[in-house]
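FYI, side chains are in, hydrogens and waters are out, and symmetry mates aren't considered; it's all heavy atoms of this structure. The model shown is predicted, which means the values in this text are computed figures rather than measured ones.
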Amino acid sequence: MQLQTGNYVIYRSTEICRIDGFEKKSFDGVTQRDYCILVPESAEHSRYYVPMDCAEAKLRCLLTKDEIYELIDAMSEEQPDWGASDEHRKERINEVLGSGDYRLIISMMHSLYLEREERTARGKKLLAADERAMKAAEALINREFAFVLGIAERDVPQFIEERLAKH
């Protein structure tokens with residue numbers, strides 16, 4: 001991964017940050033390490049110091065517009081199957097949300113959406129844990145898609161629907 005001052009990255013799978021620079025620093029007063037300094041997009045006055053020797057594990061590049069379009073276009077082709085036991089699904093959902101793999105996250109969202117539709121048709125609601133997972137996944141997707149596409153987060157679902165309707 002190429003880390004350059006001014007570029008944007010995702011930190012810990014959830015937060016959009018601008019790379020503010022690089023610095024050698026000693027937080028313990030003994031050992032000096034090289035750090036990547038991040039400024040969260042949502043909190044300009046905060047700073048994260050990420051050790052360079054573990055930056056690959058904590059940072060990833062933002063998706064490009066083309067990657068977002070590919071993800072959306074592939075949604076209609078996905079055949080999600082999360083139908084295991086509730087306990088297994090809860091573990092799997094946590095894994096997927098922490099992975100930062102948007103293909104898996106979108107597949108999970110699609111599956112939960114279909115389940116919500118099925119349950120609604122029977123007069124039932126989606127399980128609370130599944131509803132929370134849906135909201136968490138939507139927040140991840142909406143935040144990054146909106147930032148990269150230059151649209152409001154609230155407009156992302158409509159953008160996705162319109163893109164899917166064209167294909």
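Shown here are the salt bridge (charged side-chain N to carboxylate O under 4.0 Å, His left out) partners of Glu67, two or more places apart in sequence or in another chain: there are none. Residues passing the side chain to side chain contact (heavy atoms under 4.5 Å, CB included) test with Cys54, sequence neighbours excluded: Pro51, Lys58. Annotation: salt bridge (charged side-chain N to carboxylate O under 4.0 Å, His left out) contacts of Glu23 (sequence neighbours excluded): Lys25. Take Lys24 and apply the side chain to side chain contact (heavy atoms under 4.5 Å, CB included) test, not counting sequence neighbours, and it matches Gln32, Asp34. When the salt bridge (charged side-chain N to carboxylate O under 4.0 Å, His left out) test is applied to Lys65, no partner is found at least two apart in sequence or on another chain.
Within the 4.5 Å cutoff, side-chain heavy atoms of Met52 are placed close to those of Leu3. Contact check for Leu59 versus Ile19: no side-chain heavy atoms found under the 4.5 Å cut-off.
No side-chain N or O of Asn7 forms a donor-acceptor pair with one of Thr5 less than 3.5 Å apart.
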Return a table of donor-acceptor pairs under 3.5 angstrom between the side chains of residues 118-128 and protein atoms on other chains or two or more places apart.
{"unit_1": "Arg119", "atom_1": "NE", "unit_2": "Lys125", "atom_2": "O", "d": "2.6"}
{"unit_1": "Arg119", "atom_1": "NH2", "unit_2": "Lys125", "atom_2": "O", "d": "3.1"}
{"unit_1": "Thr120", "atom_1": "OG1", "unit_2": "Arg116", "atom_2": "O", "d": "2.7"}

Identify every side-chain donor-acceptor pair in residues 135-152 under 3.5 Å, counting partners at least two apart or on other chains, and give the distances.
{"unit_1": "Asn142", "atom_1": "ND2", "unit_2": "Glu138", "atom_2": "O", "d": "3.3"}
{"unit_1": "Arg143", "atom_1": "NH1", "unit_2": "Thr14", "atom_2": "O", "d": "2.6"}
{"unit_1": "Glu144", "atom_1": "OE1", "unit_2": "Arg60", "atom_2": "NH2", "d": "2.5"}
{"unit_1": "Glu144", "atom_1": "OE1", "unit_2": "Tyr102", "atom_2": "OH", "d": "2.6"}
{"unit_1": "Glu144", "atom_1": "OE2", "unit_2": "Arg60", "atom_2": "NH1", "d": "3.2"}
{"unit_1": "Glu144", "atom_1": "OE2", "unit_2": "Leu63", "atom_2": "N", "d": "2.7"}

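Ile105 and Ile160 end up in the same hydrophobic cluster when Ile, Leu, Val, Met, Phe, Trp and Tyr side chains are linked at under 4.5 Å. Both Ile68 and Leu104 sit in one connected hydrophobic cluster of ILVMFWY residues. Membership requires side-chain heavy atoms under 4.5 Å apart, directly or through other members.
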How far apart are the C-alpha atoms of Glu15 and Ile10, what are their side-chain angles, what is the distance that settles it, and do they pass the side chain to side chain contact (heavy atoms under 4.5 Å, CB included) test? CA-CA 5 Å; Glu15 193 161 11; Ile10 297 291; over 6 Å; no
I would like to know whether Arg103 and Met108 meet side chain to side chain contact (heavy atoms under 4.5 Å, CB included); could you show each step before the answer? CA-CA 9 Å; Arg103 290 203 188 280; Met108 179 193 73; over 6 Å; no
Worked verdict on Ile72 versus Leu164 for side chain to side chain contact (heavy atoms under 4.5 Å, CB included): CA-CA 7 Å; Ile72 294 169; Leu164 286 172; 4.0 Å; yes
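Listed by first then second residue, pairs satisfying ring pair (Phe, Tyr, Trp, His ring centres under 6.0 Å) with a partner in residues 27-61 read Tyr11-Tyr48, Phe27-Tyr35, Phe27-Tyr49, not counting sequence neighbours. Note on residues 38-56: pairs passing salt bridge (charged side-chain N to carboxylate O under 4.0 Å, His left out), not counting sequence neighbours, are Arg18-Glu44, Asp20-Arg47, Arg33-Asp53. Residue pairs meeting the side-chain hydrogen bond (donor to acceptor under 3.5 Å, both in side chains) criterion with at least one member in residues 152-161, sequence neighbours excluded: Gln158-Glu162.
Annotation: the span from Tyr113 atom OH to Glu117 atom CD amounts to 4.0 Å, rounded to 0.5 Å. Between Arg132 atom CZ and Leu112 atom CG the span is 12.0 Å, to the nearest 0.5 Å.
The hydrophobic cluster around Val39 extends to none of the other residues, as no ILVMFWY side-chain heavy atom falls under 4.5 Å of it. Its side chain outside the 4.5 Å cluster rule for every partner, Val30 clusters with none of the Ile, Leu, Val, Met, Phe, Trp and Tyr residues.
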